[in-house]
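Per chain, numbering begins at 1; letters A, B, ... match sequence-line order. Since the model is a prediction, treat every value here as computed from it, not as a measurement.
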Protein chains: 2
Amino acid sequence: MVVNTTGERIHRVAVELFARKGFHGVGIRELAQHAQLSSASLYHYMGTKEALLAEIMHDCLRRLVSAGREAVASVDDPTERLGRLVALHVLAHAERAQETAVVDNEVNSLSPALRRSVVAARDSYERLWADAIADGRHSGAFRADPDGVARRGLLEMCSGVARWYSSTGPMPLDDLAREYALLALRALGPTEPAAPDVDVCREIVLTTWGAVGSADFA
Amino acid sequence: MVVNTTGERIHRVAVELFARKGFHGVGIRELAQHAQLSSASLYHYMGTKEALLAEIMHDCLRRLVSAGREAVASVDDPTERLGRLVALHVLAHAERAQETAVVDNEVNSLSPALRRSVVAARDSYERLWADAIADGRHSGAFRADPDGVARRGLLEMCSGVARWYSSTGPMPLDDLAREYALLALRALGPTEPAAPDVDVCREIVLTTWGAVGSADFA
DNA sequence: GGAAGCCTATCGATCGGTCGATAGATTCGT
DNA sequence: ACGAATCTATCGACCGATCGATAGGCTTCC
C-alpha cells in the first residue's frame, strides 16, 4: 500500500506531463497547477526541475533492473531468459508507458553529471539482455550477434510499445508480450522457439509497480 | 548540387539543434546564432519556429516516401520488398540520423493541425511496410501479423538506429542494413530468408538525400 | 528607386527559481 | 502544564533571464 503524499503526487503529475509534452515543454507553473500547489511550494519537495526528472528516471530504472533480475534469476536456458526479458520489457512499457517513455526520450535533457548516472543505471539493465544474448550465442541457441546489433535492435523494438500501446486495443497484453518474445527469439535463434513464461513476468510487473494505474486516490 | 542559401543554412542548423536538444530545448536566439544571423532575420526566411519544425518533418518524410516507393517499385517478391524497406530505413536513419530523429521524436511538439498533416505523411510511408507485410502474409512468405504488431515493432527497431549509430563503429553500414533486414525477415518468415539488395537501397539513399554529410560549405 | 537581406531595439509573456512571511502542528525546557 | 522554540507546509510577490515574435530603419544590388 503506497501512501499518497504531496511528494508522490508531484512525482506522478510530473511523469504524466513530461511524457506528454517533454521536459522542456512543461513549466514549473503548469506542474504546480496540476499538483494543486503553488510553484514556490514545489521547491519544498524537490531540488530543481532537473533533479525531479532524474529522480523519475532513476525510480523507473531501479524497478526495471529489479524486475529484470527477478525474471531471469535461477533460469539457465538463454532462450527462456531472453524471452522473459522481452516479455517483461513489453509489459512494463505497456502498463507504465509514461515513466518508460520519459526514460527513453529525455536522457538528453539532463546535464552531463546527472545524465551519466542515469545512463549507468540504464547500462546495468541492458547488461541483463547482453548476458542472456551472449550465453545463448555460446550455447548455440542464438546466432552470432555482431557488436550488439541485435540487442540494440530488440530493445528499441520493445521500447516502442510505450509509444503506441493502448489497453483498449484488440490484442490482450499478455498475447502482445508473447508475440514480441517470439518475434525476438525467431530473429535471433536458428530454431523455432518456445514462448517464455509470460505469467511469471506479469506477476513480477505487478509486485514491482503495484496495481495498474495505481490511481488509489480521488 | 545543392546551393547553400541562407534558408537552407537555417534549415540545416535547425535540424541539428532540434535533434540534439529537442524542439522546446532550442530558442530562436540560439538558432540564429548558429545560422550566423540575428533572431529577427530568421523571420525573413521562416514563418514561425513551429512552421520550421513542420517543414523539416515534411521534407524528411517526403524523401522517405519517395525513396521507399522507388525501392519497392517493380519488385513483386514480398520478402525482397520488405527487406529493401528495412535496409533503406536503416540506411536513412544512420546517414540522416538528425532529420529522422526529429520526425520520430518531435511529433508531439506540433499543434494539432500541423501534427495531423505530419502524421498523414508518416502513415503514407508506413503503408509501404503494411502492404509488403500483407502481401507476404497472403503468399505464405510471412507468418500472421496480428493487428500490425510486427510492422510497429520492426519500424521501431529500425528507427532506433538513429539513436546510436556512429559511422566510426566497427560494422560497415551496408552490413548493418543487411543484418537488420535479416533480423526482420527471420522474425516474420517461416523460412531462412535471403538478404535483400542493399546496393540498390544505398543508391536510392544517395540520390534522395545527396552526398553523406552534405557539409558542402565552410 | 525599389526589392531583398539584415540589423538594433523592443515587445509582452513566460521561464526556473528564491524571497520573506504565515498558519498550524510538534517538541522542548522548566 | 504551559509557554517558547522549532518544524512543516504553504503562500504571494518578485528576481533576472529568456521566450517567440514584431517594428522600423539601414545597406546592397539590380
Side-chain angles (χ1 to χ4, degrees), chain A residues 2-57 102 106-115 118 217-218, chain B residues 2-57 102 106-115 118 217-218:
Chain A
V2 176
V3 291
N4 179 29
T5 65
T6 304
E8 285 165 10
R9 198 169 70 245
I10 293 172
H11 186 104
R12 184 156 22 87
V13 163
V15 165
E16 199 239 317
L17 289 175
F18 288 167
R20 200 170 71 224
K21 313 177 68 168
F23 178 69
H24 290 298
V26 180
I28 56 164
R29 283 158 188 81
E30 187 178 7
L31 207 55
Q33 186 184 336
H34 281 81
Q36 294 168 285
L37 228 59
S38 76
S39 67
S41 301
L42 234 42
Y43 286 89
H44 189 70
Y45 297 93
M46 67 185 203
T48 63
K49 187 188 163 196
E50 191 193 4
L52 175 61
L53 173 63
E55 180 202 306
I56 288 172
M57 290 179 160
V102 170
E106 301 295 339
V107 175
N108 285 122
S109 298
L110 293 170
S111 58
L114 288 175
R115 175 159 56 230
V118 167
F217 74 108
Chain B
V2 176
V3 291
N4 180 28
T5 66
T6 303
E8 285 164 9
R9 199 169 70 245
I10 293 172
H11 185 104
R12 183 155 22 87
V13 164
V15 165
E16 199 240 316
L17 290 175
F18 288 167
R20 200 170 72 225
K21 315 178 67 170
F23 178 69
H24 288 300
V26 180
I28 56 164
R29 284 159 187 79
E30 188 178 6
L31 207 56
Q33 186 185 336
H34 281 79
Q36 295 169 285
L37 227 59
S38 77
S39 67
S41 302
L42 235 42
Y43 286 89
H44 189 70
Y45 298 92
M46 67 185 202
T48 64
K49 187 189 165 197
E50 190 193 5
L52 175 61
L53 172 63
E55 180 203 305
I56 288 171
M57 292 178 159
V102 169
E106 301 295 339
V107 175
N108 285 123
S109 298
L110 292 170
S111 57
L114 288 176
R115 176 160 56 231
V118 167
F217 75 108

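The side-chain contact (heavy atoms from CB on, under 4.5 Å) check on A:H11 picks up A:V15, A:E55, A:I56, A:D59, with sequence neighbours excluded.
Put simply, the side chain of B:Y45 does not reach to within 4.5 Å of the side chain of B:R9, judged on heavy atoms. Within the 4.5 Å cutoff, no side-chain heavy atoms of B:L110 are placed close to those of B:F23.
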Identify the pairs formed between an N or O of the protein and an N or O of nucleotides 3-5 of chain C at a distance under 3.5 Å, and give each distance.
residue, atom, partner, partner atom, Å
C:dG5, OP2, B:H44, NE2, 3.4

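Heavy atoms only, all atoms of each residue included: B:M57 and B:V102 are closest at CE-O, 3.2 Å.
Rounded to an integer number of Å, the gap from A:L52 CG to C:dC15 C1' is 16 Å. Atom CG in A:L42 sits about 14 Å away from atom P in D:dG12, given to the nearest Å. If you measure from atom CD of A:Q36 to atom C1' of D:dC11, you get 16 Å, rounded to the nearest angstrom.
In summary, of the residues considered (B:L42, B:V13, B:L31), a side chain to side chain contact (heavy atoms under 4.5 Å, CB included) with B:L37 occurs for B:L42 alone.
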| task | Scan nucleotides 18-24 of chain D nucleotide by nucleotide, 5' to 3', and note B when protein non-hydrogen atoms come under 4.0 Å of the base, S if they reach only the sugar-phosphate, - if neither. | result | -BBBBB-

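The closest donor-acceptor contact from the side chain of B:E106 to the backbone of B:L53 lies at 3.5 Å or more, if one exists at all. A donor-acceptor distance shorter than 3.5 angstrom exists from the side chain of A:H34 to the backbone of A:E30, with no hydrogens or angles considered. With hydrogens and angles ignored, the 3.5 Å screen pairs no side-chain donor or acceptor of A:K49 with any backbone N or O of A:G27.
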